[in-house]
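Accompanying notes for the structure given below.
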Amino acid sequence: MNASTTLKKFGLEQAFHYIYKDPEKNMLKIMDWADKFAGNDFISQRKTIREIITNPEHPYYSYARRLFTDIDPNVTKTLAVNFFINAGLIGWPKEEELRREYDCNIPWAILLDPTSACNLHCTGCWAAEYGNKLNLTCDEIDDIIRQGKELGVYMYIYTGGEPLVRKKDLIRLCEKHSDCVFLCFTNATLIDEDFADEMLRVGNFVPAISLEGFEDATDGRRGNGVYQKVIHALELLRSKKLIYGISSCYTSANYESITSEEYLDKVTQMGAWFIWYFHYMPVGNDAAPELMPTPAQRRGTYERIRRYRAEKPLFAMDFQNDAEYVGGCIAGGHRYLHINANGDIDPCVFVHYSDSNIREKTLLEALRSPMLMAYHRGQPFNENMLRPCPMLENPERLREMVSCAGAHSTDLQSPESVEHLCAKCDRYAADWKPMADELWDKSDRNKNKTQ
């Protein structure tokens, strides 16, 4: 860490100490200092932040204050330093340098499955098809993180399976890599007071809790009583002053309820700091293509979430429709990749085809393998950022990449051919294209790009 970065890290830590003395008054003073020293940098962002902390009518006015009243100070400061300094000021420039040096993708985040095991048996979950016998050892996960940090990666996201089956190992890794942020997609049923206390102690572990909507929908897919267990976990996390969010998948069946204002308000009342929406993907031989949202439903999600972001004190992300903010598909190591519990390095958590395994190749070797280089050379897969995915909206591209790279299915229980997967997306892609093109033609980001 160079002297400039060390100074910025120290400055951020001191700024938090100062704000906590009198949040209402000192947030504004910090912004005055930021404006004085930042000059012409981040002008629009600073303007937005100033409006948030000074305008009581702004939806994020209360959100900003909650950071200093509802969250444990150690958690806020640890996540801020690890995210903004380590993953941003330290990690990003290093990743950019290595992208140029090796002419390949270098990820900003790494998703990995500590285990394929799960304590639930949710209807339609492809992860269950892997069975419950696959695990990355603690040493293997530690080595993945070590290699990642050498590439500038300080953001790690656990998927599964149910990652909290391994919660002792995950806390141990939080301790060893205290400079990283760990986000975990979880069903929350294994969160108890002891684990919440451990999360509070390490300060760098953030759960994203899966909900299918309200109680009937959640229990219908995940099992009777699961919704109330989730509510209990959320109440526990809130009482411990921890940061947590919600993960929800919208389908043709649950679209109306799960993207409703009522649902967003409920999530906000639960004390969540963010909600991450995922588009249903027809992954696996037993997937149900009829659950894929219709073009009208996807457009509705696009419009609703943008409206909520302008009105609700909750940070909402839409994994598929927000591609315009990140330059299209972020998989294949462009911004992230996925390592399953067998060590296979997939380009995406939804694309289970690989030519590399972490037990046989280093991360850098995998990033330069034919499959991930095909992603590197092909991105963006479409100039329309509302048609970003090489599977869902451009299935011919995935067929081509898997074939040329000689990649194999990494679903060990029920291998699915790329033709079988993409055939489920062909009609969807054709149906979505006219509406996506219409939305993209009207998009401010498309207009700014053209200008």
Side-chain angles (χ1 to χ4, degrees), residues 109 111-130 132 156-167 170 182-192 195-196 199 205-238 242-251 253-255 257-260 263-264 266-284 287-288 291 293 301 305 314-320 338 340-341 348-350:
L111 277 69
L112 57 141
D113 302 347
T115 181
S116 63
C118 186
N119 61 317
L120 299 181
H121 301 281
C122 303
T123 304
C125 176
W126 78 77
E129 295 180 9
Y130 286 112
N132 294 329
Y156 295 86
I157 304 174
Y158 294 124
T159 56
E162 170 48 54
L164 295 192
V165 170
R166 301 277 303 281
K167 55 188 176 183
L170 301 190
F182 295 94
L183 179 72
C184 179
F185 289 104
T186 173
N187 62 45
T189 60
L190 298 178
I191 294 177
D192 54 21
F195 185 66
M199 290 172 56
F205 187 92
V206 179
I209 295 167
S210 299
L211 276 179
E212 306 300 324
F214 297 104
E215 188 163 11
D216 288 347
T218 296
D219 285 1
R221 181 164 184 247
R222 297 180 176 269
N224 291 335
V226 169
Y227 183 83
Q228 288 303 322
K229 289 181 180 179
V230 170
I231 296 301
H232 175 71
L234 292 171
E235 291 171 349
L236 179 60
L237 294 171
R238 191 173 193 172
L242 288 158
I243 288 181
Y244 53 92
I246 300 296
S247 169
S248 294
C249 176
Y250 63 97
T251 73
N254 71 0
Y255 156 75
S257 64
I258 210 167
T259 65
S260 68
Y263 182 67
L264 261 288
K266 179 65 175 178
V267 168
T268 303
Q269 291 166 10
M270 290 174 177
W273 290 86
F274 60 88
I275 182 168
W276 201 327
Y277 276 103
F278 289 92
H279 183 294
Y280 175 79
M281 299 290 193
V283 177
L291 288 178
T301 303
I305 291 178
L314 179 70
F315 185 53
M317 296 168 281
D318 183 350
F319 189 80
Q320 205 63 23
H338 172 240
N340 71 18
C348 176
V349 70
F350 300 119

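Numbering of residues begins at 1 and proceeds along the displayed sequence.
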Using every non-hydrogen atom in the two residues, find where [X] and [Y] come nearest and quote the distance to one decimal.
{"X": "I191", "Y": "A233", "answer": "CB-CB, 4.2 Å"}
{"X": "S257", "Y": "S260", "answer": "O-OG, 2.7 Å"}
{"X": "G213", "Y": "T218", "answer": "O-OG1, 3.3 Å"}
{"X": "L314", "Y": "A272", "answer": "CD1-O, 3.3 Å"}
{"X": "R238", "Y": "Q269", "answer": "NH1-O, 2.7 Å"}

With sequence neighbours left out, what residues match D216 under salt bridge (Lys or Arg N to Asp or Glu O under 4.0 Å)?
-> none
Quick one: salt bridge (Lys or Arg N to Asp or Glu O under 4.0 Å) partners of E212, sequence neighbours excluded?
-> R221, R222
Going by ring pair (Phe, Tyr, Trp, His ring centres under 6.0 Å), name the residues that satisfy it together with [X], two or more places apart in sequence or in a different chain.
{"X": "F278", "result": "F185, W276, F319"}
{"X": "F214", "result": "Y263"}
{"X": "F205", "result": "F195"}

In the structure I gave you, are the side-chain heavy atoms of [X] and [Y] within less than 4.5 Å of one another anywhere?
{"X": "M317", "Y": "I275", "result": "no"}
{"X": "L170", "Y": "P114", "result": "yes"}
{"X": "V230", "Y": "N187", "result": "no"}
{"X": "C184", "Y": "V206", "result": "no"}
{"X": "Y156", "Y": "L112", "result": "yes"}
{"X": "Y255", "Y": "P293", "result": "no"}

Check for a donor-acceptor pair, side chain of S248 on one end and backbone N or O of L211 on the other, with a separation under 3.5 Å.
->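 Looks like yes, one N/O pair under 3.5 Å.
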Cut-off 3.5 Å, side chains only: do T251 and N254 have a donor facing an acceptor?
-> yes
Result for side chain to side chain contact (heavy atoms under 4.5 Å, CB included) between W273 and one of I246, I243, T268 points to I243
To the nearest 0.5 angstrom, please state how far the [atom1] atom of [X] sits from the [atom2] atom of [Y].
{"X": "Y244", "Y": "I209", "atom1": "OH", "atom2": "CD1", "value": "8.0 Å"}
{"X": "H232", "Y": "L237", "atom1": "NE2", "atom2": "CG", "value": "9.5 Å"}
{"X": "M199", "Y": "L236", "atom1": "CE", "atom2": "CG", "value": "9.0 Å"}
{"X": "D318", "Y": "I305", "atom1": "CG", "atom2": "CD1", "value": "4.0 Å"}

Could you tell me which residues satisfy side chain to side chain donor-acceptor pair (under 3.5 Å) with [X], sequence neighbours excluded, listed by chain and number?
{"X": "T186", "value": "E162"}
{"X": "T301", "value": "none"}
{"X": "T259", "value": "R304"}

Is there a side chain to side chain contact (heavy atoms under 4.5 Å, CB included) between H338 and I157 once you walk through the steps?
-> CA-CA 9 Å; H338 172 240; I157 304 174; over 6 Å; no
Starting from the C-alpha separation in whole Å, work towards a yes-or-no answer on side chain to side chain contact (heavy atoms under 4.5 Å, CB included) for Y250 and H279.
-> CA-CA 5 Å; Y250 63 97; H279 183 294; 3.6 Å; yes
Residues forming a side chain to side chain contact (heavy atoms under 4.5 Å, CB included) with [X], sequence neighbours excluded:
{"X": "K229", "result": "T189"}
{"X": "A341", "result": "D113, S116, L134"}
{"X": "E235", "result": "I231"}

I would like to know whether K167 and D192 meet side chain to side chain contact (heavy atoms under 4.5 Å, CB included); could you show each step before the answer?
-> CA-CA 11 Å; K167 55 188 176 183; D192 54 21; 3.5 Å; yes
